[in-house]
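By convention in this document, chain letters (A, B, ...) are assigned in the order of the sequence lines, proteins followed by strands, and residues within each chain are numbered from 1.
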Number of protein chains: 2
Amino acid sequence: MAGTARICSITNALAVVGERWSILALREIFFGQRRFDQIVAGTGASRDILATRLRTLVEAGVVTKELYEEHPPRYEYVLSESGEQIAPILLALMEWGNRYVTEGAPPTVFRHSCGAELHAETVCGHCRAPIRPGDSTVVRLGEVTPA
Amino acid sequence: MAGTARICSITNALAVVGERWSILALREIFFGQRRFDQIVAGTGASRDILATRLRTLVEAGVVTKELYEEHPPRYEYVLSESGEQIAPILLALMEWGNRYVTEGAPPTVFRHSCGAELHAETVCGHCRAPIRPGDSTVVRLGEVTPA
DNA sequence: GAGAGTCAGTTGGATTTCACAACTGACTTC
DNA sequence: GAAGTCAGTTGTGAAATCCAACTGACTCTC
């Protein structure tokens, strides 16, 4: 680090869900893949780091472990309330990836409860208009503080 | 890696903008901090990795370098079209961080062009309703493929 | 009831990346 | 001409990652 950093909720969010394998693990759980081996296969993470990432996600309260088999005791990973609320992050990443990185048709498709194919859009919570480049102005930036 | 991984636009997006210091650099540029030393100070990244991150972002076309001084030649970093479109990702991270990690008031505040304080919401592009946990169903998941 | 299979991790060792501080180079300002 | 600014680069030690193989607790099959 360079001695200073900005106080910002983006930094704070990344500290919890910002690691590569953490986000991918959350994606798999969001996709309904709840078990360790499924998450390994879906993310491509090595078992050891995935185990530590899941542990920190559980400690952070983003994910909970639920018993699905008694003998031997086995747990599956379920999104908590805060975990469910990462959907906007995942969907924003997916939309961006679809548009600017992935070639061809989107590999993953969701349907919204309204019946339409889901394409997430980000809107202003007040006026409900889509957010476009240049229509947001900074009122206050988090301070840049030493250490 | 574990030999397999899912084909998914989230993975693809993360390959381009998923590194910790990459997202934070994009945040700083989004916040209007366009110069190397400003980005160093705002992110807290060490100069060497930040330099390589910015280089890969430029190569990926997410950011461009624009000359702002001739003698000596100095460049500042500006979001390209695809770079501007990471706003939903940044705003989703910020909202989540505000809600679940940051203690106290949000450190960073934006105003939307409608006049209200900006709080991003993610909606279904078709019916415009906010996306809630459980109202999206999987139509197709990207394949899990070897290596 | 012995051997194979399933599942969720853990362990050990090589490799890669990262962090930090100091340095270069091209200039401008005092 | 000495000091300052700005954008990086370099070198080195510390830390994180990757991979494959292993453990442990069971169940299922022959």
Side chains of residues 118-128 of chain B: which donor-acceptor pairs under 3.5 Å do they make with residues two or more places apart or in other chains?
| from | atom 1 | to | atom 2 | distance (Å) |
| --- | --- | --- | --- | --- |
| B:His119 | ND1 | B:Glu95 | OE2 | 3.3 |
| B:His119 | NE2 | B:Glu117 | OE2 | 3.4 |
| B:Glu121 | OE1 | A:Arg128 | NH2 | 2.6 |
| B:Glu121 | OE2 | A:Arg128 | NH2 | 3.1 |
| B:Arg128 | NH2 | A:Glu121 | OE1 | 2.6 |
| B:Arg128 | NH2 | A:Glu121 | OE2 | 3.1 |

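Within the 3.5 Å criterion, the main-chain N or O of A:Gly61 finds a donor-acceptor partner in the side chain of A:Ser82. Using a distance-only test at 3.5 Å, with no hydrogens or angles considered, no donor-acceptor pair links the side chain of A:Arg140 to the main chain of B:Val109. The backbone N or O of B:Gly42 sits less than 3.5 Å from a side-chain atom of B:Arg27, completing a donor-acceptor pair. Side-chain atoms of A:Ser80 come within 3.5 Å of backbone N or O of A:Val62 as a donor-acceptor pair. A distance-only check finds no donor-acceptor pair linking the side chain of B:Arg74 to the backbone of B:Arg35 [under 3.5 Å].
No hydrogens or angles considered: nothing links the side chains of B:Ser113 and A:Arg132 as a donor-acceptor pair under 3.5 Å. In this structure, a donor-acceptor pair under 3.5 Å is present between the side chains of A:Tyr100 and B:Glu81.
Residue A:Arg34 has no polar side-chain atom (N or O) positioned under 4.0 Å from OP1 or OP2 of C:dA8. Applying the 4.0 Å criterion to OP1 and OP2 of C:dC18, one finds that B:Trp21 has every side-chain N and O outside that range. Phosphate contact (OP1/OP2 of C:dT17, side-chain N/O of B:Arg53, threshold under 4.0 Å): absent.
Rounding to the nearest 0.5 Å gives a distance of 12.5 Å between CD of B:Glu103 and CG of B:Asn98.
Residues from residues 60-68 of chain A lying near DNA chain C, meaning a heavy-atom separation below 4.0 Å, are A:Lys65, A:Tyr68 in numerical order.
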*Any chance you could list the contact pattern along nucleotides 21-28 of chain D? Use B for base contacts, S for sugar-phosphate-only contacts and - for none, protein heavy atoms under 4.0 Å, 5' to 3'.*
B---BSS-

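A straight line from CG of B:Asp37 to C1' of D:dA7 spans 7 Å, rounded to a whole angstrom. One atom, CG of A:Asp48, and another, P of D:dC18, lie 8 Å apart when rounded to the nearest Å. Distance CG (A:Leu50) to P (C:dC7): 16 Å, rounded to an integer number of Å. A:Ile49 places its CD1 atom 14 Å from the C1' atom of C:dT10, with the value rounded to the nearest Å. Going from atom CZ of A:Arg20 over to atom P of C:dT17 covers 12 Å, rounded to whole Å. The separation between A:Glu76 atom CD and C:dG9 atom P is 12 Å, rounded to whole Å. Distance CD1 (A:Ile39) to C1' (C:dC7): 13 Å, rounded to an integer number of Å.
At a threshold of 4.5 Å between non-hydrogen side-chain atoms, the residues B:Tyr75 and B:Thr64 do not count as touching.
Residue A:Glu19 is classed as a sugar-phosphate contact, given heavy-atom separations below 4.0 Å to backbone atoms only.
For B:Arg55, taking side-chain heavy atoms from C-beta onward, the closest of the listed nucleotides D:dT9, C:dG9, D:dA7 is D:dT9. Each of D:dC18, C:dT10, C:dA19 was ranked by its minimum atom distance to the side chain of B:Ser46; first place goes to C:dA19. Taking only side-chain atoms of B:Ala51, from C-beta outward, the nucleotide of C:dT11, D:dG8, C:dG9 with the closest atom is D:dG8. Distances from the side chain of B:Arg35 to the nucleotides D:dA7, C:dA19, D:dG8 place D:dA7 closest.
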